Amino acid sequence: MAETSPPAASAPEFDERRTGVTAETAETASAIETIKASLDTAAQAPEPVILTEVTGHIGTITLNNTAKRNALSSALLDAITSALDSFKAQAVRVVIVRGHRGIKVWSAGHDIKELRRGHQDPLGYADPLEQALRAIRSYPGAVIAMVQGSVWGGAFDLVLSCDMIVADETSTFAITPVNLGLPYNTTGLLHCLNRLPVNFIKEMFFTASPVKAEAAARWGIINHLVPSAEIEAFTLELSEHIATKAPLAIAVVKEQLRVLTDFQPVAAQVFERIQNMRREVYESADYEEGIDAFLEKRKPNFQGR
């Protein structure tokens, strides 16, 4: 009996199955490449400079640029301002501004690399720091700074602009423009005057020395000095308590206090004289020397000119 050949249809059926497997394999490979590309993009994307969260009526802004000691760059400050705008749209009643748990530096202050040079006012009205301070002070709800670690330079102005400061025993506070030859602006000095005695302000500005937590509480920088193990729970409890109160009443009291404390009549010629004095400082060789010395990580050699 002769051998029977396989049906002619079997070969095409095998080829069809093989083609289907090949197509499926290609689709899988393509999907894998897409996932890899997405992961690569995610890995290359920079970390956000702040983290935000809203729970009930409480919003939290966490400074998240620890690699640069939470320096107040324009990106970070703009992010704070945008977060406050978002919280306002969500009717958030209390805002907590904080760093990550247990950090040694809450914020190193203004990003020195971004300070204006070349005969320009480094702390003008449109500066991102000034915009963020106004956003905090005008926010229609309580803004609480929760501080662990050291606060330097412009960050001191930022926490003073908050309605309250809760800090732990690791906190220190320093205002450091004299280390840079920087002429601090009148608005920033007014923020200090609204909270602290003149003699203490002078000591902080003239020495640029950090004020430790206990002294900060004694002088009124801090509202509540709380052990580090308890600070998060304490701040949250305080925030939740405030959030139960009438938000419109809190908003109008805060705005009235802002208007009353910001109102300091100054004769036009006096203001012009102050601005001229500040201009002489930021156009001075000392200012350039202060910035250069900081960037070069050396002590400045100020000449008074």
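In what follows, every heavy atom counts, from backbone to side chain, and hydrogens, waters and symmetry copies are set aside. Remember, predicted model here, so these are calculated numbers, not experimental data.
Between the side chain of Q256 and the backbone N or O of V252 there is at least one donor-acceptor pair closer than 3.5 Å. In terms of modelled atom types and a separation under 3.5 Å, the side chain of N70 and the main chain of W106 share a donor-acceptor contact. Not one N or O on the side chain of Q303 forms a donor-acceptor pair closer than 3.5 Å with the backbone of A285. No donor-acceptor pair under 3.5 Å is formed between the side chain of K88 and the backbone N or O of P140. Under a 3.5 Å cut-off, the side chain of T55 and the backbone N or O of I58 do not form any donor-acceptor pair. In this structure, T62 contributes its side chain and N64 its backbone to no donor-acceptor pair below 3.5 Å. Not one N or O on the side chain of K299 forms a donor-acceptor pair closer than 3.5 Å with the backbone of A293. A donor-acceptor pair under 3.5 Å is formed between the side chain of S73 and the backbone N or O of L76. Here the side chain of T261 pairs a donor or acceptor atom with the backbone of L257 at under 3.5 angstrom.
Put simply, the side chain of I242 reaches to within 4.5 Å of the side chain of I144, judged on heavy atoms. Using a 4.5 Å cut-off on side-chain heavy atoms (C-beta onward), C192 and L189 make no contact. Residues D286 and V281 have side chains not in contact (no heavy-atom distance under 4.5 Å, counting atoms from C-beta outward). Counting heavy atoms from C-beta on, the side chains of F294 and P300 never come closer than 4.5 Å. Contact annotation: the side chain of I231 approaches that of Q148 to within less than 4.5 Å [non-hydrogen atoms, C-beta and beyond]. The shortest distance between side-chain heavy atoms of I96 and I61 does not fall below 4.5 Å. Contact annotation: the side chain of T172 never approaches that of V151 to less than 4.5 Å [non-hydrogen atoms, C-beta and beyond]. Looking at heavy atoms from C-beta onward, V147 lies in side-chain contact with I165 at the 4.5 angstrom threshold.
Rounded to the nearest 0.5 Å, atoms CZ (R278) and OG1 (T186) are 6.0 Å apart. Rounding to the nearest 0.5 angstrom, the gap separating the CG atom in L63 from the CD1 atom in I103 is 7.0 Å. Summarising the geometry, atom CD belonging to E230 is positioned 8.5 Å from atom OG belonging to S228; distances are rounded to the nearest 0.5 Å. N276 contributes atom CG, which lies 13.5 Å from atom CD of Q269 (distance to the nearest 0.5 angstrom). Remark: L133 CG to L160 CG distance equals 9.5 Å, nearest 0.5 Å. Within the model, atoms OG of S161 and CG of N194 stand 9.5 Å from one another, a figure rounded to the nearest 0.5 Å.
Residues meeting the salt bridge (Lys or Arg N to Asp or Glu O under 4.0 Å) test with E255, sequence neighbours left out: R258.
For the residue pair N65/E47, the side-chain donor-acceptor check at 3.5 Å is not satisfied.
Listed by first then second residue, pairs satisfying ring-ring contact (aromatic ring centres under 6.0 Å, His included) with a partner in residues 161-205 read Y184-F205, F200-W219, not counting sequence neighbours.
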Worked check of ring-ring contact (aromatic ring centres under 6.0 Å, His included) between H224 and F234: CA-CA 9 Å; H224 299 281; F234 180 93; 5.0 Å; yes
In sequence, state the C-alpha distance, the side-chain angles, and the governing distance for E130 and T187, and then conclude on side chain to side chain donor-acceptor pair (under 3.5 Å). CA-CA 9 Å; E130 298 302 310; T187 303; 4.8 Å; no
Can you check side chain to side chain donor-acceptor pair (under 3.5 Å) on T170 and D168, steps first, answer last? CA-CA 6 Å; T170 69; D168 71 5; 2.6 Å; yes
For the pair M204 and F156, evaluate side-chain contact (heavy atoms from CB on, under 4.5 Å) and give the outcome as yes or no after the intermediate values. CA-CA 11 Å; M204 287 193 72; F156 180 66; 3.7 Å; yes
Dump the intermediate steps for salt bridge (Lys or Arg N to Asp or Glu O under 4.0 Å) on R117 and D292, then the final yes or no. CA-CA 11 Å; R117 303 175 72 171; D292 287 340; 2.7 Å; yes
Verdict with reasoning, V94 to E240, per side-chain contact (heavy atoms from CB on, under 4.5 Å): CA-CA 8 Å; V94 182; E240 289 174 340; over 6 Å; no
Worked check of side-chain contact (heavy atoms from CB on, under 4.5 Å) between T52 and T60: CA-CA 5 Å; T52 61; T60 303; over 6 Å; no
For salt bridge (Lys or Arg N to Asp or Glu O under 4.0 Å), just list the numbers for D121 and R279, CA-CA rounded to whole Å, side-chain angles, deciding distance to a tenth of an Å, and then say yes or no. CA-CA 7 Å; D121 190 341; R279 186 179 303 109; over 6 Å; no
Derivation and outcome, side-chain contact (heavy atoms from CB on, under 4.5 Å), residues H110 and L123: CA-CA 10 Å; H110 212 303; L123 294 175; 4.1 Å; yes
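Hydrophobic clustering (ILVMFWY, side-chain heavy atoms < 4.5 Å, transitive): V95 and I250 are in distinct clusters. No path of Ile, Leu, Val, Met, Phe, Trp and Tyr side chains, each step under 4.5 Å between heavy atoms, connects I50 with M146, placing them in separate hydrophobic clusters. Both V211 and I201 are part of a single hydrophobic cluster, where members link through side-chain heavy atoms under 4.5 Å apart. In terms of hydrophobic clustering, with Ile, Leu, Val, Met, Phe, Trp and Tyr side chains grouped at heavy-atom distances under 4.5 Å, V178 and Y282 are assigned to different clusters. Under a hydrophobic clustering in which Ile, Leu, Val, Met, Phe, Trp and Tyr are joined whenever their side-chain heavy atoms come within less than 4.5 Å, directly or via other members, I221 and W152 fall into different clusters.
Taking the ring axis of F87 as reference, the NZ or CZ atom of R93 does not stay both within 45° of it and closer than 6.0 Å to the ring centre.
Residue-environment remark: CD (Q120) exceeds the threshold of 12 foreign heavy atoms within 6.0 Å. In E203, the CD atom is not crowded: 12 or fewer heavy atoms of neighbouring residues, nucleotides or ligands sit closer than 6.0 Å. Atom CZ of R69 is surrounded by 12 or fewer heavy atoms from other residues, nucleotides or ligands within 6.0 Å. Environment of CD in Q90: crowded, with over 12 heavy atoms of neighbouring residues, nucleotides or ligands closer than 6.0 Å.
When all heavy atoms of M164 and L238 are compared, the pair lying nearest together is SD-CD2, 4.2 Å. Between A243 and H57, the shortest heavy-atom contact is CB-CB, 4.1 Å. Considering every non-hydrogen atom in both L182 and P122, the closest pair reads CG-CG, 4.3 Å. When all heavy atoms of K254 and Y139 are compared, the pair lying nearest together is NZ-O, 2.9 Å. Across all their heavy atoms, A79 and V49 have their closest contact at CB-CG2, 4.0 Å. Scanning all heavy atoms of the two residues, the minimum distance from L225 to A213 falls at CD1-CB, 3.8 Å.
Using a 4.0 Å cut-off between charged nitrogen and carboxylate oxygen, R298 and E289 count as a salt-bridge pair. With salt bridges taken as basic N to acidic carboxylate O contacts below 4.0 Å, one links R98 and E232. Using a 4.0 Å cut-off between a side-chain N of Lys or Arg and a carboxylate O of Asp or Glu, D111 and K68 do not qualify as a salt bridge.
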